[in-house]
Amino acid sequence: MDTSILNREFQEKFEKQGNLYFAPGRINLIGEHTDYNNGFVMPGAVDKGITAEVALNGLDVVRLYALDIKKENSYVEFSLHQEDKPKHHWACYVFGVCKEMMKRGVEIKGFDAAFTGNIPSGSGMSSSAALENVFSIALNDIFADNKIDRFELAKIGQATEHNYCGVKCGIMDQFASLFGKEDCLIRLDCRTLEYKYFPFKPEGYKLTLINSCVKHSLGTEYNERRESCERVVELIAKNHPEVLSLRDADMAMLQEFEGDIDATDFKRAKYVLEEKERVLAVCDALEKGDYNTVGEKMFSTHWGLSKEYTVSCEELDFLAEFAQSFGVTGSRVMGGGFGGCTINLIPETLHDEFIAKAKDAFNDKFGHYPEVYEIIIGDGAKKLQ
Ligand code: GLA
């Protein structure tokens, strides 16, 4: 990884050198919107991420410089004692990580940091989790002797989203970026945080992202989906007190309350229950090397996310449909939705032709080309030197 620009900018801005840290973005093969329902997910870390250089400054302020942000918005300073969030949204991620670590008893002192990344913004590959994690591993290293374990670091990132960034997300993104392992997907049980690595190098296939370039940003609409799920759980729990989340519910319980549940909430909960089964079916299929089943489930997830959970958009539906009619093994919207990428499991023999045709067809319809990224599954967050 070439960090020379970062080193130079840091030196110019702060007239010293710091330590370097890296945290990756993530993909997710299957298990979407299941994490905050205590279900299973199947993510992996990617080779793209955020690198930060960090050094103590002897003050009680944090001075931050974001290399990839427009110059006039790229520098933020905040005091470690201030209660109000910084006004630049990007700085709230770092502010939140500091505050969450302080809540856990870590004595954070003033520091200077600069960071840069190569996760395409709004692509649904979780640049926000990468930003939280690159700072949580740095601060853990500098101020806590690495005593905070990675499970807690993932929770620190998640709490940052909840308390400082307005997204009531699950734990998948932070977990994947911290626990990623080269060429492996992670089956994570979001209830217990038990996880298992699944080596993933499907012979004869490529895993490719196609970015619709519809900018996704999670907020109200994401939180509304989570609230739908919580309302359904509350109802079901009236007759089934053992049900604490949709993870504990089944289709029969949902149907029992069909008349009482708002139609939108019902569809959303149905999707989550179906998705829960799909993740487990994909794990079985992966163990048998049965990629046709993996692909079938990916398509079912797409149409579930589109028609039931309603987090897709015209561009993503077009890409999934095009893939399906082209004979691609599996394709679906990835991540929170509302834009970003489809993840595609493509037979190598079809890959180049499919990508070329999909790009042209997309451009004909929407007037711009999508971006294409070949997925390389990499390791989780780490110190670089
Ligand atoms: C976003 C959230 C995750 C997860 C996905 C959907 O990426 O941050 O917690 O809910 O959406 O699966």
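Heavy-atom basis, side chains included; hydrogens, waters and symmetry copies ignored. Atoms within a ligand are numbered from 1 in the order they appear, just like the ligands themselves.
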* Does a side chain donor of either N37 or S245 reach within less than 3.5 Å of an acceptor in the other side chain? ->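 There is no such pair (donor and acceptor under 3.5 Å, judged by atom type) between the side chains of N37 and S245.
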* Can you find a side-chain donor-acceptor pair between Y205 and E348 that sits under 3.5 Å? ->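 Judged by distance alone, the side chains do not pair up.
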* Which word best sums up how the rings of F318 and F366 line up, parallel for under 30°, tilted for 30 to 60°, or perpendicular for over 60°? ->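 Taking F366 first and then F318, their aromatic rings stand perpendicular (interplane angle over 60°).
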Acceptor/donor pairs from residues 179-186 side chains to any protein atom, 3.5 angstrom cut, sequence neighbours excluded:
none

* Applying side chain to side chain contact (heavy atoms under 4.5 Å, CB included) between R26 and each of L178, D173, I377, I119, report the one that passes. =>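 Checked L178, D173, I377, I119 against R26; only one passes side chain to side chain contact (heavy atoms under 4.5 Å, CB included): D173.
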* To do: Grab the two heavy atoms, one from A66 and one from F115, that are nearest each other, plus how far apart they are.
  =>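 Here A66 and F115 meet closest at CB-CZ, 3.6 Å.
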For each nitrogen or oxygen atom of ligand 1, which protein N/O atoms lie closer than 3.5 Å, and how far apart are they, rounded to 0.1 Å?
unit_1	atom_1	unit_2	atom_2	d
ligand 1	7 (O)	R26	NH2	3.0
ligand 1	7 (O)	D173	OD1	3.4
ligand 1	7 (O)	D173	OD2	2.8
ligand 1	8 (O)	D173	OD2	2.7
ligand 1	9 (O)	D35	OD2	2.5
ligand 1	9 (O)	G170	N	2.9
ligand 1	9 (O)	Y222	OH	3.4
ligand 1	10 (O)	D35	OD1	2.8
ligand 1	10 (O)	D35	OD2	3.4
ligand 1	10 (O)	Y222	OH	2.6
ligand 1	11 (O)	G336	N	3.3
ligand 1	12 (O)	E32	OE2	2.7
ligand 1	12 (O)	H33	N	2.7

